[in-house]
Colleague: 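Have a look at the structure that comes next, please.
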Amino acid sequence: MELIDIGANLTHESFAHDFDAVLERARTHDVAQIMVTGASREGSEQALALAKAHPGRLFATAGVHPHHAVEYDADTDALLRRLADEAEVKAVGETGLDYHRNYSPRGVQLEAFEKQLTIAAERGMPVFLHQRDAHADFLALLKSFRDALPAAVVHCFTDTREALFDYLDLDCHIGITGWLCDERRGTHLREFVREIPEGRLMIETDAPYLLPRTVRPKPDHRRNEPMFLKHICEELARDRGETLEQTAAHTTDTARAFFGLEAPAS
Ligand SMILES: [Zn+2]
């Protein structure tokens, strides 16, 4: 079985002390390839460096998360354009809107989101998108760019069934994380994840965040890591009425097509 984690924040400081062990555990838990999320200027450069150091296994995205939208200036735009030219960078993002925390003002978030959609449209690259409590504004801006983008994934989807179908109607892909396993705030997802068609569904850990609450035994450090992707895939498979192998196979095929990845040699 081969799994692809389409969103792991492996540049996070919590991975610095045992990075190689994290990758090895991922491999022994069938995670064949990982997209390292770039979510800030520095983080996007670090994500590329990790991808270069692990060819064929790690790949990167380059973007500025809405939380960091205040750092999006002309230099940042130039940096992202430079990073987007690198072979290991497979998507623009993480970008989008987050009105849950509003770490950056909404107007600033909208501007940074639009700038990054512009880069992706000009380069013909897929986008890796984040949306929280901002569905209407997010959908409106995405709609205006959608025809110019080859593909778009709404990562860590946590919203309603109506929002899901708004995205599917725009021919977006959907990323599902261990949020699904959260009995306090993820149970609504279990009712409609089976409605995401094969070919539009991908899986991710969002590590080190969102440790699936149903993982046993619970790791004492509370850090999520790519090895738990298999657990997420199992839970998702059950909700979809599929076998683990089926869900693994089609989400992996979808991720390879979405990001333009070849299967690793070994
Ligand atoms: Zn996100």
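What's counted below: heavy atoms across the whole structure, side chains too, no hydrogens, waters or symmetry copies. Indexing begins at 1, ligand by ligand and atom by atom, following the structure's order.
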Colleague: Give the minimum heavy-atom separation between A39 and S44, together with the two atoms involved.
Modeller: N-OG, 3.9 Å

Colleague: Please identify each residue that fulfils salt bridge (Lys or Arg N to Asp or Glu O under 4.0 Å) with D171, with sequence neighbours left out.
Modeller: R200

Colleague: One thing to verify: whether R223 and E225 come together as a salt bridge, which I'm taking to mean a side-chain N less than 4.0 angstrom from a carboxylate O.
Modeller: yes

Colleague: Carefully, step by step, assess R256 and Q33 under the rule side-chain hydrogen bond (donor to acceptor under 3.5 Å, both in side chains).
Modeller: CA-CA 9 Å; R256 291 214 168 110; Q33 293 167 311; 3.0 Å; yes

Colleague: Under the 6.0 Å and 45° cation-pi test, does R132 pair with Y99?
Modeller: no

Colleague: Would a single hydrophobic cluster contain both L141 and L149, if residues Ile, Leu, Val, Met, Phe, Trp and Tyr are joined by side-chain heavy-atom contacts under 4.5 Å?
Modeller: yes

Colleague: Can you count the protein N, O or S atoms that lie less than 2.8 Å from the Zn ion (ligand 1)?
Modeller: 3

